[in-house]
Amino acid sequence: MLTLSKVFAEQNELVPFISSYQNELETVKVLHTLPAAKQQRFNELTHELLDSLDDVHDLKACAERSRSSREHGNAVYTKRSKTNESDRRESLLLACHFYTQAILQAENVHEELCLGYANRGMALQDFGLYKEAYDDCECALEYGYPQKLQHKLIMRQAHCAWQLGDVRKLREHLSWLEQQQLNAGYVNQLEQLQEQLTKLQEQQVSEPKEELTSEQAPSLQILARNHKIWNSPGVKGRHMVATQSIQPGDIIFKEQTACFVPLEPGLICQQCAASVLYAPIPCPQCHQQVVYCSRHCRQLNEQIHSYECAGYRKNLFTMLGVSHLALRMVLFYMQEWLTELGKGSNVQEAWKLLMAKASKSYDWPGASQGLLSLCMMSHLDKAAAEELIYYALCANLLQVYLHKCTKFYEQLEVETREDGHLLIAALILRCAGQLLCNGHVSDTIVLRFQCHTMESKLWRAPFHLSLGQMHKFDSVALTTALNLPYLALCNHACAPSIRLHCDGRAVSCLAAQQIEADEEIFNCYTLDYRNSSCAMRQAQLQQTFKFRCKCIKCAGSKPDEIFLSFNRYRCEFCAHIFVPGQREEFKWWESESNSAINCSKCQATQLFNWFGILRRTLEFCSEQQQRRKAYKAFKELDTWLLDYHSLKLHLAQQLIAACLTAKADGATFDDSDYKQLSRILDYLLAGVAAQHGADSMTYISHLTYLMDLAAFGKYKCSSEQLKAVRTAINYLPTDTKRIFVNYYNDFIEQRSAANA
Ligand SMILES: [Zn+2]
Ligand SMILES: [Zn+2]
Ligand SMILES: [Zn+2]
Ligand SMILES: [Zn+2]
C-alpha cells in the first residue's frame with residue numbers, strides 16, 4: 001500500500017524549489033504548472049494514493065461480530081434481576097454496552113444494525129434514558145426493522161414520548177397503533193398510554209420547547225462593551241484592548257465556531273462536540289470514526305459529512321492533522337466566500353477580490369465568522385521551504401479528494417469556472433497556514449477510562465453517579481481543535497489576562513485578573529510562565545508563531561522563578577537545593593527515556609529510590625498495610641522534593657486516585673486512611689491551584705477526589721470550600737456539569753445540610 005509520506009516524497013521531487021513566497025494561490029499553482037510528463041506523474045500519484053486508501057471491510061465478518069455482541073447483550077438482558085434494583089441496573093448497562101458494540105461492529109449491514117438499535121433502545125428505556133431510547137427505535141426503523149414487528153418499536157416510542165411529556169409525538173404514535181391489529185397485551189398497553197395522553201392534555205402540558213440548540217446561537221456575542229479592537233499596522237497588528245476596567249471573572253465575549261474537529265474518533269459528537277456518554281449513533285459508512293449524540297445532530301451535520309464520509313472511511317484525515325480543520329473551514333465557509341467573490345473573470349482576479357474583502361472584515365462590525373476567518377494571521381511566508389511544500393501537498397491532496405470522492409464541486413458549481421480547483425486548494429492551504437498559529441485546542445474533563453462509560457457500577461441512574469465514583473472523572477483530555485477567529489485577535493503573553501471556558505463549540509472568554517482601561521488583553525498561546533521556562537516558551541513561540549515574546553514575565557529579571565519553584569530538589573548526597581538544567585529533565589517521570597538528574601553542586605546522579613518505593617506501593621492500595629507504607633513514603637518526599645514540586649503533586653494525585661479506586665473496588669478504609677488522604681488532598685489542591693489556577697480543568701479534575709471524600713462524610717469541608725466547589729463546577733461544559741451537579745446534590749449537599 002502507498003503511504004502518504006512515500007507519495008509526498010516522490011511528489012516533492014517533481015516540484016521545483018519554491019524560493020520566494022507570494023501567496024497561497026501562487027504556491028498551489030506551482031503544483032499545477034509542471035512540465036507535462038512530470039505533471040502527469042504528479043497527478044497519478046495523488047490518485048493512486050486516494051485509491052489505495054480505499055478499504056472495504058468484510059461485511060460478512062462485520063455482521064458476524066455484530067450478531068455475537070448482540071447475543072451477549074441479549075444473554076445479559078434476559079437474565080436481569082427482577083427483584084434487586086442495583087443488580088438489574090448493572091445488567092441493563094452491561095447489555096447496553098454490548099448493544100453499542102453490536103451497532104458499531106455492524107458497520108453498514110442494515111439487518112444487524114436495526115436489531116442492535118432495537119435492542120439497545122429497549123435497554124436504554126429500562127434504564128430511564130428515554131430520549132436516547134426514542135432515537136434508537138427511530139434508527140431501528142430507519143435501517144429496516146422487520147415490518148411485522150414494528151408495532152413493538154412504535155409502542156416503545158409512544159412510551160418514551162409519554163415519559164418525555166411530548167404530547168405531539170405520543171398522539172402521533174398512538175394513532176398509528178390504533179390502526180394495527182394488536183394482541184391483548186399490546187391493546188392493554190395502548191389503552192394505558194391513551195389514558196396518559198388524556199392526562200397530559202388535561203394538564204395542558206405545553207409542547208416541549210424545541211431545545212435551543214447550539215446551532216441557533218450567534219457565532220459571536222460581545223456581552224459587554226468592555227473592549228475594542230485596535231489596529232496598529234506593522235507594530236502589533238490587530239489586538240484587543242480594554243475600554244474600561246474589567247473585574248476578574250467578568251465575561252469579555254463568547255464565540256461559537258461553525259468549524260471544529262474532534263481530536264479522537266468516537267468520543268464526542270461531530271455536530272455539537274458534547275461527549276457521547278451512553279448511546280453513540282455512528283455513521284455506519286465510515287468505520288466507527290464518526291459518532292453523534294442524537295439523530296438531530298446527525299441530521300444537522302448531514303451535508304458536511306457527505307463531503308467527509310469517504311475521507312473518514314479512507315482514514316485520510318488523521319494523517320493530515322491541521323489540514324483537516326482547514327478543509328472543514330472551506331466546506332463550511334465556501335458558499336459564503338463565493339457569494340462575496342463577485343464576478344472575478346479568472347482565478348487570479350477572484351483571489352484578489354476575496355482577499356481585498358477579507359482584509360477589511362475585522363473593521364466591519366458584525367462581519368461573519370467566515371470572513372473573519374479569511375483574514376487571520378498566517379506565517380506561511382516565513383515557513384521553511386519543506387514546511388510550505390508539505391502543507392501545499394496536503395491542500396492539493398484534499399482538493400483532489402473533494403473532486404474525486406465527493407459531490408462538493410457539484411454543489412458549488414465552480415467546476416464550470418476554469419481553475420476552480422486551484423482556488424479550492426489555495427483556500428485550504430490558506431486556512432491551514434492560519435490555523436497553525438490561530439487554531440485553538442480545547443480540553444475537558446473525561447472519564448479516566450473512556451471505555452468504561454457503561455461500567456455497571458458507575459451509575460445509579462442516568463447522569464447520576466453512584467457513591468464513591470466521582471474520582472473516575474479525574475482526567476483531562478484535549479478533545480477538539482476549533483477555529484475561533486475573534487479569539488485569534490488576542491495577542492500572546494506568558495501570563496494571560498483571560499481564561500477560556502469551552503462548552504462544545506462555544507468558548508467564553510473571561511477576565512482572569514483585573515484588567516485596567518486601555519490595557520491590552522492577552523491570551524497565552526503556549527504553556528504559561530508557571531508551567532514552562534522562558535527558553536521553552538521562546539523556542540515554541542519562535543517556531544510556530546515566529547516572534548520573540550517580550551511580555552512582562554519574559555522581560556523581567558527572573559523570568560523562571562515561579563516555574564523553577566515547582567522543580568526544586570534537595571541533593572541526596574550533599575543536601576544542596578537545585579533545579580535541573582535541561583529541558584528534558586523536567587517531568588522526567590512522564591517520559592520513557594530515563595535521563596539522569598545530577599546535582600548542580602556535587603554533580604552526583606540522584607538515585608530516586610523513594611520514587612520506586614512509592615510507585616510500587618501504589619499498585620497494592622487495596623491492602624491497608626501497603627497504604628500505610630504509601631502514606632509514610634509520601635511524607636518522606638518532603639525531604640527531597642521542595643514546596644509544590646511537580647513530581648510531588650503528581651505522586652499525591654496518583655496515591656489518592658489509587659486509594660479511591662481501591663475503595664470503590666471494595667477495600668475498607670478506617671479513620672486514619674481518611675485523615676491521611678485528606679491531608680494529602682489539601683496539599684494537592686493547594687499545589688495545583690498554584691501551578692494551574694483554581695479555575696483550570698486540571699484543578700477541577702482533582703476536585704473529584706474532594707467530592708468523593710466529602711460524599712463519604714470523611715472530609716471536613718468548610719462552607720467556603722463547598723462554595724468554591726460549586727463555582728468550579730460551573731466552569732465545566734454543560735454535559736459534564738450535569739454529572740458533577742447531580743453528584744453534589746445527591747451526596748454532598750445533604751451531608752453539609754445535615755451537619756449544619
Ligand atoms: Zn450532538
Ligand atoms: Zn460517514
Ligand atoms: Zn512572554
Ligand atoms: Zn549534591
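Given the structure is predicted, the values throughout are model-derived calculations rather than measurements. Ligands are counted one by one from 1 in listed order, and the atoms in each one are counted from 1 as well. Along the sequence shown, residues carry numbers from 1.
Here the angle at the Zn ion (ligand 2) defined by SG in C286 and SG in C283 stands at 110°, rounded to 10 degrees. Rounding to the nearest 10°, we obtain 110° for the angle at the Zn ion (ligand 1) between C297 SG and C293 SG. With the Zn ion (ligand 3) as the vertex, SG of C494 and SG of C549 span 110° to the nearest 10°.
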message: Determine whether K169 and E138 satisfy the following criterion, salt bridge (charged side-chain N to carboxylate O under 4.0 Å, His left out), listing intermediate values before the conclusion.
response: CA-CA 12 Å; K169 281 183 180 155; E138 199 68 31; over 6 Å; no
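Counted by atom type alone, T734 and D503 present one or more donor-acceptor pairs between their side chains at under 3.5 Å.
Ionic pairing of E112 and R65 is not present here: no N-O contact between side-chain nitrogen and carboxylate oxygen is shorter than 4.0 angstrom. Comment: D136 does not engage R156 in a salt bridge, judged by the lack of any side-chain N to carboxylate O separation of less than 4.0 angstrom.
Counting just the N/O/S atoms of H305, the one with the shortest distance to the Zn ion (ligand 2) is named NE2.
Under 2.8 Å from the Zn ion (ligand 3) lies an N/O/S atom of C554, whether from backbone or side chain. Among the backbone and side-chain atoms of H296, none of the N, O or S atoms lies under 2.8 Å from the Zn ion (ligand 1). For a distance bound of 2.8 Å, the N, O or S atoms of C534 include none lying that close to the Zn ion (ligand 3).
Note on ring orientation: taking the six-membered ring where Trp is involved, the planes of Y525 and F545 are tilted (angle from 30° to 60°).
Residues passing the side-chain contact (heavy atoms from CB on, under 4.5 Å) test with C405, sequence neighbours excluded: A310, K314, Y401.
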